[in-house]
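Note that the coordinates shown come from a computational prediction; the quantities given were computed from them, not determined experimentally. Both ligands and their constituent atoms are indexed starting at 1 by order of listing. Counting from 1, the numbers follow the sequence of the chain as shown.
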Amino acid sequence: MKQIVVAALPRGPLGAEHFRLEEVPAPVPGPGQVHLRVILMSIDAANRSWLQGATYRAAVQAGDVMPTYAICEVIDSRADGLAPGDIVAAEAGWCEELCLPAGDVQKMPDLRPLSHLLSVYGIAGKTAWHGLVGVGRLVAGETVLVSAAAGSVGGYVGQIARAMGCRAVGIAGGPEKCRWVVEELGFDACLDYRDPGFAKALRAACPDGVDVYFDNVGGRVLETALFLMNLRGRVVCCGAISQYDGEAPSGPRNLPGLVVVKRLRMEGFIVMDHAADDPKALRDLTRWVDDGRIKVVEDIAEGLDQAPAALIGLLAGDNRGKRMVRLAPDPA
Ligand code: NDP
């Protein structure tokens, strides 16, 4: 079977040279293990941060199979409770097949298409819901600002905000992307952070200030957003993508001054911390998808060998919605 390993850890921007495709014998399950066929691999900005050092998981080392969250089909089982044909989610790798202890996989509902388990009903949708509702404590009528608005998490943040009766303002790279965020995802406005007039345009798009800023990027964009926060606003710290791919970390210069003066609450979170509330999140997300208030946007590349380009491209912003790589069709 084929797998992709990390050939060398990147010191600057990620490139194809940091990965190597290998052919290895297919794994054989041991007692208590399941043998999995990878169907869909999630491609996430966080994958890049794992190559920088330890985060909420151990750092990836040169020579490791590149890890990924994936949706897999059980093709053989030597464990109770899991049988061939079951659909599971697991931390897998950029590989066609793998064996894992049964305790390391999570049985998933067999809903179709399976890609929705990685997008709206997966980490992307849940991160957006938990961040806005659990951490941001959003109230109808408020203004929500979100960065990386055309991406997988950000796209749901704005749509959830609208579904909850709030004004949704996005930040994304380039005028065309910004137009798409408004026209396709239904945001009230979207501003291009690369435009020299960005700060002024953002202020104009948020005439009543910002109550919740959902920060996916950190750095200069966070600094600009902090100036627009209302008294007792909430800054939901979800990620810092501007600092993952080799750029020297550039923290906002207005911290902690503005946090004090405006009595802001700035709180980081990891989606898994909120698992107890997943059923509530999934109930809302299902309702909003079914009634058309949330549009599911997926960006699916085909074939294992496309994984490096999919991740490199995501970091450069060439995705719209949830990026993933398909290795096999949804089982019949
Ligand atoms: P996205 O699908 O949002 O894609 C990333 C986007 O980030 C790109 O499309 C690009 O769009 C934008 N971007 C890239 N570089 C920069 C930059 N320098 N400044 C501003 N924007 C940039 O990725 P994900 O949905 O996977 O991740 C979004 C964020 O959510 C990440 O920070 C990730 O780490 C975080 N996350 C956090 C979780 C948690 O539990 N806390 C769980 C899941 C994700 P553009 O063209 O607009 O620049």
Side-chain angles (χ1 to χ4, degrees), residues 13-14 41-52 55-57 68-69 91 118-120 122-132 134-136 145-159 170-182 185 187 190-195 198 202 213-225 235-250 252 266-275 277-278 281 296-301 310-325:
L14 190 67
M41 308 194 305
S42 183
I43 301 291
D44 301 295
N47 300 159
R48 176 63 182 88
S49 72
W50 302 346
L51 299 168
Q52 273 182 324
T55 50
Y56 52 92
R57 71 183 303 291
T68 182
Y69 184 77
E91 183 175 306
L118 287 186
S119 61
V120 67
I123 287 177
K126 288 193 273 187
T127 300
W129 192 95
H130 290 309
L132 270 186
V135 184
L145 176 66
V146 57
S147 44
S152 69
V153 174
Y156 291 123
V157 170
Q159 295 192 79
I171 298 171
E176 202 193 311
K177 239 186 186 183
C178 289
R179 203 164 31 249
W180 180 83
V181 166
V182 171
L185 302 184
F187 283 47
C190 187
L191 289 305
D192 176 5
Y193 68 92
R194 295 184 193 137
D195 188 298
F198 167 60
L202 191 60
Y213 171 49
F214 195 108
D215 185 29
N216 283 319
V217 306
R220 189 176 62 84
V221 172
L222 170 60
E223 180 175 296
T224 308
V235 179
V236 179
C237 298
C238 178
I241 193 168
S242 71
Q243 304 182 359
Y244 294 166
D245 203 23
E247 213 177 278
S250 58
M266 228 175 150
E267 186 177 337
F269 77 107
I270 295 292
V271 60
M272 284 80 90
D273 303 343
H274 295 261
D277 285 332
D278 277 357
V296 182
V297 183
E298 297 175 336
D299 179 330
I300 307 181
L311 179 56
I312 294 162
L314 176 105
L315 297 165
D318 73 359
N319 65 308
R320 301 256 167 115
K322 174 68 205 155
R323 174 153 288 179
M324 47 190 115
V325 174

| query | Hey, does the side chain of Arg323 reach the backbone of Ala310 with a donor-acceptor pair shorter than 3.5 angstrom? | reply | yes

The atoms of ligand 1 lying under 4.0 Å from a heavy atom of Asp44, numbered in the order shown, are 26 (O)

Next on the checklist: Does Glu176, at its CD atom, have more than 12 non-hydrogen atoms belonging to other residues, nucleotides or ligands within less than 6.0 Å?
Outcome noted: no

Notebook entry, point to check: Going by distance only, is there an N or O of Phe269 that falls short of 3.5 Å from an N or O of ligand 1?
Noted result: yes

For Tyr193, the ligand 1 atoms with a heavy-atom partner under 4.0 Å come out as 16 (C), 17 (C), 19 (N), 20 (C), 21 (N), 22 (C), 45 (P), 47 (O), 48 (O)

Gln243 near ligand 1, heavy-atom distance under 4.0 Å?
no

*Donor-acceptor pair, Gln52 side chain versus Gln243 backbone, under 3.5 Å?*
yes

Between Phe214 and Thr127 the two heavy atoms that sit nearest each other are CZ-O, 3.9 Å

| task | Decide whether an N or O pair under 3.5 Å exists between Ser242 and ligand 1. | result | no

- Query: Any sub-3.5 Å donor-acceptor pair from Ser147's side-chain atoms to Asn216's backbone N or O?
  - Reply: yes

Among Gly313, Gly218, Cys238, Ser152, the residue with a heavy atom nearest to atom 35 (C) of ligand 1 is Cys238

Judged by heavy atoms only, the candidate from Asn319, Val297, Val271 nearest atom 4 (O) of ligand 1 is Asn319

For Ala172, the atoms of ligand 1 under 4.0 Å from one of its heavy atoms are 47 (O)

### Task
Give yes or no for whether the N/O distance cutoff of 3.5 Å, strictly under, is met between Val153 and ligand 1.
yes

Of Ser42, Gly151, Ala45, Ala124, the residue with the heavy atom nearest atom 27 (O) of ligand 1 is Ala45

| query | Donor-acceptor pair, Arg48 side chain versus Leu314 backbone, under 3.5 Å? | reply | no

- [ ] Could you say whether the N/O atoms of Gly173 and ligand 1 ever approach to under 3.5 Å?
- [x] yes

Q) Is there a donor-acceptor contact under 3.5 Å from the side chain of Tyr244 to the main chain of Ala240? A) yes

For Gly239, the atoms of ligand 1 under 4.0 Å from one of its heavy atoms are 32 (O)

**Item:** Non-hydrogen atom of Leu315 closer than 4.0 Å to ligand 1
**Value:** yes

Are any of the N/O atoms in Asn216 less than 3.5 Å from those in ligand 1?
yes

(message) Can you confirm whether His274 sits close enough to Trp129 that some side-chain heavy atom of one is under 4.5 Å from a side-chain heavy atom of the other?
(response) no

Taking only non-hydrogen atoms of Leu314 and a 4.0 Å limit, the atoms of ligand 1 in range are 2 (O), 4 (O), 8 (C), 9 (O)

Next on the checklist: So is Gly154 touching ligand 1 or not, going by heavy atoms under 4.0 Å?
Outcome noted: no

Review point. Quick one: are Leu222 and Met266 in side-chain contact, heavy atoms under 4.5 Å?
Key: yes

| message | Whether the side chain of Lys177 engages the backbone of Gly317 through a donor-acceptor N/O pair (distance < 3.5 Å, no angle test) should be reported. | response | yes

Check whether any N or O atom of Thr127, backbone or side chain, sits under 3.5 Å from an N or O atom of ligand 1, and answer yes or no.
no

(Q) Tell me whether ligand 1 is touched by Tyr56 - counting only heavy atoms on the residue side and a distance under 4.0 Å. (A) no

Fill in: Contact with ligand 1 for Ala240, non-hydrogen, under 4.0 angstrom
yes

- [ ] Could you tell me whether a side-chain N or O of Asp215 sits under 3.5 Å from a main-chain N or O of Gly218, the two making a donor and an acceptor?
- [x] yes

Numbered in order shown, the ligand 1 atoms found under 4.0 Å of a heavy atom of Arg194 are 46 (O), 48 (O)

Requested in this report: Compare all side-chain heavy atoms of Phe187 with those of Trp180 and state whether any distance is below 4.5 angstrom.
Outcome: no

Under 4.0 Å between heavy atoms, the region of Arg323 that gets near ligand 1 turns out to be neither

dist Leu118:CG -> Ile300:CD1 (nearest 0.5 Å) comes out at 8.5 Å

Under 4.0 Å from one or more heavy atoms of Lys177, ligand 1 contributes atoms 9 (O), 11 (O), 45 (P), 46 (O), 47 (O)

*Judging by distance only, is a nitrogen or oxygen of Ile270 under 3.5 angstrom from one on ligand 1?*
no

For Ala45, is there any backbone N or O sitting under 3.5 Å from a side-chain donor or acceptor partner on Ser49? no

In ligand 1, the atoms that come under 4.0 Å of a heavy atom of Val217 are 20 (C), 21 (N)

